[in-house]
Enquirer: 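Below you'll find the structure I mean.
Every number for a ligand or one of its atoms is a count from 1 in the order of the listing.
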Amino acid sequence: MDLGLSGRCALVTGASAGIGMATSRMLAAEGAQVVLVARRLDLLEELAEEIAAEGHPRPLCLAADLTDPSAAVRLRRQVEERLGLLDILINNAGRAEPAGADLDEALWQSQFELNFHSKRRLAQEFLPLMAAGGQGRVVNLVGILEPVAVSAAQAAVAACILWAKGFSRTVASQKVTVNCVAPGRIDSEQLRTHFPTQEAREEFARKLIPAGRFGTAEEAAALIVFLASGPAGYITGETFTVDGGMHRSI
Ligand SMILES: NC(=O)c1ccc[n+]([C@@H]2O[C@H](COP(=O)([O-])OP(=O)(O)OC[C@H]3O[C@@H](n4cnc5c(N)ncnc54)[C@H](OP(=O)(O)O)[C@@H]3O)[C@@H](O)[C@H]2O)c1
């Protein structure tokens, strides 16, 4: 299938690791001009080198801390100046800090900035460019909504899913689709901080994941890239899980 991504411009947040890195590689392999965003610029530059060495368009690397409310405007200005277009926004950066009911106010704020507000702001900032290109795509990385206790990250993810549903309806007539992808347990830098040993990962998978293993970043990226593609133009306002069958409603 031709994904229609050649010559399209895609910005991926959280491109320095895990799912964002795998998604960036896949988009570039499909011929997209990729903009890599994260705090660790050295890792972005390494990835850009690797992608260019494989003969794909060299990505633009932009350092940003997405807990900073001014980051979205700055990124939009930089992309407008350097490239002049943007078709695809992959709102992937996110992190769940250990968070309980007694969590301090600053951590609640930063968890909402990163896991919700930054995604909403970037989509709003880039909407005119995405609409102008006639094939706009927003994909938000969220999570499965089954908190076992108070979690600032999960509350922010819930906000993101509801915002995305409303936004998808508002922008549909501008040929921009908006979807969410909810990973279950995908092996990544972040997951390895929660499950540091192979033993811990295998035990969790044996008990709770019907597929019997954690997913790979590439398995999540494949869905994200499809949702970003031309043929996915009639899919909008949805949340899709990638979890090896882990989630159930009871
Ligand atoms: N892996 C899973 O099973 C799983 C499950 C549920 C949800 N998710 C969600 O899926 C997304 C990707 O997860 P992952 O597991 O691939 O994560 P990861 O390996 O930890 O990578 C996270 C990425 O986000 C970036 N990031 C973190 N804080 C940032 C900040 N303040 N400003 C800018 N960038 C920031 C990191 O880059 P820098 O450190 O260089 O800034 C990194 O590139 C996240 O939104 C995560 O919450 C993943």
Enquirer: State whether Arg137 and Asp87 are salt-bridged, where the test is any N-O pair (Lys NZ or Arg NE/NH1/NH2 against Asp/Glu carboxylate O) under 4.0 Å.
Expert: no
Enquirer: Which of the atoms in ligand 1, numbered in the order shown and given with their element, are less than 4.0 Å from a heavy-atom of Ser16?
Expert: 36 (C), 37 (O), 38 (P), 40 (O), 42 (C), 43 (O)
Enquirer: Going by an N to O cut-off under 4.0 Å, is there a salt bridge joining Glu54 and Arg25?
Expert: no
Enquirer: May I ask whether Leu43 has any heavy atom positioned less than 4.0 angstrom from an atom of ligand 1?
Expert: no
Enquirer: Show me which atoms of ligand 1 lie under 4.0 Å from any heavy atom of Val142.
Expert: 6 (C), 7 (C), 8 (N), 9 (C)
Enquirer: Quick one: which residue pairs count as a salt bridge (charged side-chain N to carboxylate O under 4.0 Å, His left out) with a foot in residues 214-231, not counting sequence neighbours?
Expert: Arg213-Glu219
Enquirer: Using the rule that Ile, Leu, Val, Met, Phe, Trp and Tyr join whenever any side-chain heavy atoms are under 4.5 Å apart, tell me whether Leu107 and Phe116 fall into a single cluster.
Expert: yes
Enquirer: List every atom of ligand 1 that sits less than 4.0 Å from any heavy atom of Asp65, numbering the atoms from 1 in the order shown and giving each element.
Expert: 30 (C), 31 (N), 32 (N)
Enquirer: Counting only heavy atoms, which portion of Arg185 has something under 4.0 Å from ligand 1: side chain, backbone, both, or neither?
Expert: backbone
Enquirer: How far is atom 21 (O) of ligand 1 from its nearest protein heavy atom, and which residue and atom is that?
Expert: Ala17 CB, 3.8 Å
Enquirer: Looking only at protein heavy atoms, identify the closest one to atom 12 (C) of ligand 1 and say how far it is in Å.
Expert: Asn92 OD1, 3.1 Å
Enquirer: What atoms of ligand 1 come closer than 4.0 angstrom to any heavy atom of Gly184?
Expert: 3 (O), 5 (C)
Enquirer: Do me a favour and list the nearest non-hydrogen protein atom to atom 34 (N) of ligand 1 with residue, atom name and distance?
Expert: Ala93 CB, 3.8 Å
Enquirer: Could you see if Leu44 belongs to whatever hydrophobic cluster contains Ile90? Use Ile, Leu, Val, Met, Phe, Trp, Tyr and a side-chain cutoff under 4.5 Å.
Expert: yes
Enquirer: Give the atom numbers and elements of ligand 1 that come within less than 4.0 Å of a heavy atom of Ala15.
Expert: 43 (O)
Enquirer: What part of Leu66 sits under 4.0 Å from ligand 1 if we count only heavy atoms: the side chain, the backbone, both or neither?
Expert: both
Enquirer: Suppose the criterion is side chain to side chain donor-acceptor pair (under 3.5 Å): which pairs have a residue in residues 159-186, not counting sequence neighbours?
Expert: none
Enquirer: Show the atoms of ligand 1 that are less than 4.0 angstrom away from any heavy atom in Gly18.
Expert: 16 (O), 19 (O)
Enquirer: Among all protein non-hydrogen atoms, which one is nearest to atom 15 (O) of ligand 1, and what is the separation to 0.1 Å?
Expert: Ser188 OG, 2.5 Å
Enquirer: At what distance, to the nearest 0.5 angstrom, does CZ of Arg39 lie from OG1 of Thr67?
Expert: 7.5 Å
Enquirer: With heavy-atom distances below 4.0 Å as the criterion, list the atoms of ligand 1 near Ala64.
Expert: 32 (N), 33 (C)
Enquirer: With a 4.0 Å heavy-atom cut-off (strictly under), which part of Ala217 contacts ligand 1: side chain, backbone, both or neither?
Expert: neither
Enquirer: Any ion pair linking Arg58 and Glu45 (charged N to carboxylate O, less than 4.0 Å)?
Expert: yes
Enquirer: Checking a contact table here: which protein heavy atom is nearest atom 16 (O) of ligand 1, and how many Å away?
Expert: Ile19 N, 2.8 Å
Enquirer: Side chain, backbone, both or neither: which part of Ala220 comes within less than 4.0 Å of ligand 1 when only heavy atoms are counted?
Expert: neither
Enquirer: Can you find an N/O atom of Arg40 closer than 3.5 Å to an N/O atom of ligand 1?
Expert: yes
Enquirer: Write down the atom of Ser16, the atom of Ala38, and the distance for their closest heavy-atom approach.
Expert: OG-CB, 3.5 Å
Enquirer: What is the nearest protein non-hydrogen atom to atom 28 (N) of ligand 1, stated with its residue, atom name and distance?
Expert: Arg39 NH2, 3.2 Å
Enquirer: Do any N/O atoms on Leu114 end up under 3.5 angstrom from N/O atoms on ligand 1?
Expert: no
Enquirer: For atom 3 (O) of ligand 1, what is the closest protein heavy atom, and at what distance to 0.1 Å?
Expert: Ile186 N, 2.6 Å
Enquirer: Any idea which of Gly20, Gly94, Pro183, Ala22 brings a heavy atom closest to atom 22 (C) of ligand 1?
Expert: Gly94
Enquirer: Looking at Arg206 and Glu202, is any side-chain nitrogen of the basic one under 4.0 Å from a carboxylate oxygen of the acidic one?
Expert: no
Enquirer: Should we count CD of Glu146 as having more than 12 external heavy atoms under 6.0 Å?
Expert: yes
Enquirer: In terms of side-chain heavy atoms, does Gln124 have a donor or acceptor partner in Arg121 at a distance below 3.5 Å?
Expert: no
Enquirer: Between CZ of Phe226 and CE of Met26, what distance do you get to the nearest 0.5 Å?
Expert: 14.0 Å
Enquirer: What are the atoms of ligand 1, with element, lying closer than 4.0 Å to any heavy atom of Glu189?
Expert: 19 (O)
Enquirer: Should Ala38 be counted as touching ligand 1, given the test is an N or O pair under 3.5 Å?
Expert: no
Enquirer: Under 4.0 Å between a Lys/Arg side-chain N and an Asp/Glu carboxylate O for Lys207 and Glu203?
Expert: yes
Enquirer: Do Val242 and Met246 share a hydrophobic cluster, counting only Ile, Leu, Val, Met, Phe, Trp and Tyr and linking them when any side-chain heavy atoms are less than 4.5 Å apart?
Expert: no
Enquirer: Note the single closest protein heavy atom to atom 23 (C) of ligand 1, along with its residue, its atom name and the distance in Å.
Expert: Gly14 CA, 3.6 Å
